[in-house]
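What follows is a set of notes on a single structure, which appears directly below.
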Amino acid sequence: MPLDNVKKIILVLSGKGGVGKSSVTTQLALTLSLQGHSVGVLDVDLTGPSIPRFFGCEGEKVQQAPGGLIPVQVHPAGSTTIPAVAKEKADKTNSTTETSTEEKQFSYGPLTCLSLAFILSSRSTAVIWRGPKKTAMVRQFLTSTLWAYTPPTATSSSTPPTPLDYLLIDTPPGTSDEHISLLETLLKETTSAQLAGAVVVTTPQAISISDVKKELNFCAKTGLRVLGVVENMAGYVCPCCGEVANVFSKGGGEVMAREFGVKFLGSVPLDPAFVALVEEGRRPVYEVIGAGGEENGDEQEEVEEEEKPREKDPGLLVEKYTSCSLYPVFEGIVKEVLADIASREGEV
Amino acid sequence: MAPTLEDSVTSPASEALNAPLKSAPALVAPEPEHCPGPESQQAGKGDACAGCPNQQICATAPKGPDPDIPIITERLRGVKRKVLVLSGKGGVGKSTFSSLLAWGFAGQARKGKIQKPKTELENGSAHNLEVQAPEEHDEDMEDEEDEEKEITVGLMDADITGPSIPKMLGVDNETIHVSSSGWSPVWVSDTLCTMSIQFMLPSRDDAVIWRGAKKNGLIKKFLMDVEWGGLDLLLVDTPPGTSDEHLSVNSYLKEGGVDGAVLVTTPQEVALLDVRKEIDFCRKAGIKILGVVENMAGFVCPNCRHQSQIFKPTTGGARRLCKEEGLKFLGSVPLDPRIGMACDYGERFGEAYPDSPASKAIDEVVRGVGKAVGIEFED
């Protein structure tokens, strides 16, 4: 079975839509990949797939191979040089001697993804399906995707494919067909050591929390372990004055996690630079905020001037992501998740 | 096994759209993979039906239209306008907007009779012309005493697994009363009533772990068993996507006529992508699109008053989408943290902050929707 080649499966769930399940999945995947793991992302949001857009591979199509489907490759394994934060300061003062020591060499693991969007003829085609059809598709995705596929062109075609370290599953909102089918299939096809658990995403408002509580109850009822709660869209840093505004209030996620006795993994602020990275491929730059909020007039001009000339920066998404302010946040989240998974392994 | 995904994706949407034409039989086993759907005309005859324990039941169940559809049509006879609130994407503010629309219409003094919407469609799409037909009977239903009356609004929450409407209207602790003539909706004010699964849950945080068929059953009950009475406007808030709930609402209401759909989106392409799918759905299902509302557009920093775009309209936002698709752009509502707060506490935003830019933008959208369905306000 193709799922035998996956070491750990992590689900990303939320009862509420639009809280950032796909964005959290994307960033978890990038962070895991930056730690050198091989990562696969499965998008089971059949009627509203967003993962291809996030990874910038919307035009791709799924290939079929004997035995199943080959997921679309986002990037192969490789390495990158991360320009450390100190570098920019150094550049400004024209002392380039320091930079070389601040640069970090990172090697990242391969990242692949699969979504229904890769099968649709046009990106605006609606998938108008009732439950049973969705169930069949979810099952097919799970049981016939070759996550550990090595192309026949590989140098040593006789070697068995290397198993995938982490499979992240991005889900649609709710607790209905997709979720039931997903859990049903996973519980049947995988061992409890493989099925690591779920990361539950929420935003801080009460409206979102009340739906996400339903999702936590869903996990409890189905026996799915909750790895922790991520509070997304907590606070927005005004690009002009640096003031943090709580657009969707704050702190609700932590309170909910405590109430349900699950781990709180962290708050992720809204970062327009991440949106720009995903939508336009721009490498995030934060010099304005870092300089402090006092010299308002000056900076405002600076921002406006900068908006125009910068277009898509070269380089892979994974390389550019290292400059994003959210990367350290997700590093922390991933660390906690992995520690949790490892600790449970000790128990078993 | 060689998977054949293309087949299932490219099969015509009409298959799903026409499926729920007969009532669902009681099954003895869960539906198998590739089940044509127990309600469909193919029930019991499809390839997947061979060997299914339900085959006999499905095959012998009475064919033909669901006998309950005329009952629904009769029940909703007093409802003058039915509008769906849709979006392919979650969390863009469908429920927020549904509640804002409901608050916006409820209690307003109506100007004259509810008029027949103009036949020249602003979206000019040929797909929608056939939907115009059921408008005719509206005229005879309206009695003279209706003039200058307060507008009454019903808001039905079709989001079964994530109901938000009760909380937003501040009635999340209510329960439904059942009488001999049906279920009474929960009245929020004299002119606004609502119905949601939230009122039926034993505990407020209970998860509703239901597959499609069960969700359809409840939606049918909401339309058939609830005493909506003589409403001027019935708004239906939907979950994200293009699946069971949407298909069911549409097929149950079709005979009585749906007056149109309001699409809600946020400015960034990730959301617009899903909204395009919803437009495709509306066209295939023959639902008239009244217009598109752009929510969370621009954020005014409470500290420096500088407006910035949290969700950047990198591809031109909803305005451009409307232009491309030939749809009406109903307005753009800025992101105001107070809207979210008002929703959390079930307060009426327009009343609490009547002078905020967001309130004005919402008011404009409400009037725009009203105009599109022929409900105009006294000033």
Side-chain angles (χ1 to χ4, degrees), chain A residues 15-19 47-48 50 53 62 64 68-69 119-121 123-137 139-140 144 172-177 180 205-207 210-211 213-215 217-218 221 236 238-241 243 245-249 270 272 275-276 279-280 296, chain B residues 3 5-6 8-10 13 16-17 19 31 33-35 37 88-92 161-162 164 167-168 205-213 215 239-244 247 268-270 273-274 276-278 280-281 284 299 301-304 306 308 310-312 314 335 337 340-341 343-344:
Chain A
K16 184 93 185 98
V19 296
T47 57
S50 319
R53 172 96 199 155
V62 159
Q64 300 195 3
L69 302 164
I119 299 160
L120 298 177
S121 51
R123 64 200 289 266
S124 52
T125 310
V127 176
I128 309 173
W129 289 359
R130 286 191 177 269
K133 223 165 158 185
K134 292 198 282 191
T135 302
M137 181 55 75
R139 202 167 297 159
Q140 187 167 13
S144 63
T175 50
S176 194
D177 292 284
I180 302 172
Q205 320 101 294
I207 284 290
S210 63
D211 282 352
K213 280 180 179 168
K214 290 179 195 288
E215 200 74 30
N217 277 326
F218 169 82
K221 267 191 191 164
Y236 170 70
C238 174
C240 157
C241 66
E243 162 98 0
N246 293 325
V247 182
F248 299 109
S249 74
L270 269 168
V275 182
E279 297 249 315
E280 295 156 49
N296 259 335
Chain B
L5 287 168
E6 277 81 357
S8 45
V9 176
T10 49
L17 286 169
E31 294 117 326
E33 265 182 54
H34 305 296
C35 170
K89 182 97 187 95
V92 294
T161 57
S164 316
K167 202 174 179 79
M168 288 183 179
D205 299 336
D206 278 343
V208 180
I209 310 174
W210 285 5
R211 284 190 185 275
K215 293 194 283 191
T242 49
S243 193
D244 287 287
L247 288 164
Q268 78 281 39
E269 179 59 26
V270 173
L273 180 66
D274 289 349
R276 281 200 186 90
K277 291 179 194 290
E278 204 70 32
D280 188 34
F281 169 80
K284 281 176 178 159
F299 173 67
C301 173
N303 182 35
C304 68
H306 178 84
S308 60
I310 296 189
F311 303 108
K312 267 197 185 156
T314 46
L335 184 55
M341 298 254 267
C343 286
D344 278 0

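Here is the naming used below: chain letters follow the sequence lines, and residue numbers restart at 1 for every chain.
- The shortest heavy-atom contact between A:A126 and B:F281 is CB-N, 3.8 Å.
- Residues satisfying the side chain to side chain contact (heavy atoms under 4.5 Å, CB included) test with A:V275, not counting sequence neighbours, are A:E279.
- With values rounded to the nearest 0.5 angstrom, B:K312 atom NZ is found 5.5 Å from A:E280 atom CD.
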Item checked: Test log, rule side-chain contact (heavy atoms from CB on, under 4.5 Å), inputs A:T125 and B:K277 -> CA-CA 5 Å; A:T125 310; B:K277 291 179 194 290; 5.6 Å; no
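- Atom CZ of A:R130 sits about 10.0 Å away from atom NZ of B:K215, to the nearest 0.5 Å.
- Once rounded to the nearest 0.5 Å, the distance linking CH2 of A:W129 with CG of B:L247 reads 12.5 Å.
- Both the backbone and the side chain of A:F218 come within contact range of chain B, each with at least one heavy atom under 4.5 Å from a heavy atom of that chain.
- Not counting sequence neighbours, B:K89 has no partner by the side-chain hydrogen bond (donor to acceptor under 3.5 Å, both in side chains) test.
- If you take OG on A:S176 and CZ on B:R211, they are separated by 8.0 Å, rounding to the nearest 0.5 Å.
- The choice from A:V19, A:N246, A:N217 that makes the most heavy-atom pairs within less than 4.5 Å of chain B is A:N217.
- Only the side chain of A:L270 comes within contact range of chain B, with at least one heavy atom under 4.5 Å from a heavy atom of that chain.
- Taking CG from B:D244 and CG from A:D177, the interatomic distance works out to 5.5 Å, rounded to the nearest 0.5 Å.
- Between the NZ atom in A:K214 and the CG atom in B:D206 there is a gap of 7.0 Å [rounded to 0.5 Å].
- Contact detail for B:G162 and A:D211: the closest heavy-atom pair is O-OD2, 3.4 Å.
- Interface remark: A:R53 contributes side-chain atoms only to the contact with chain B (heavy atom separation under 4.5 Å).
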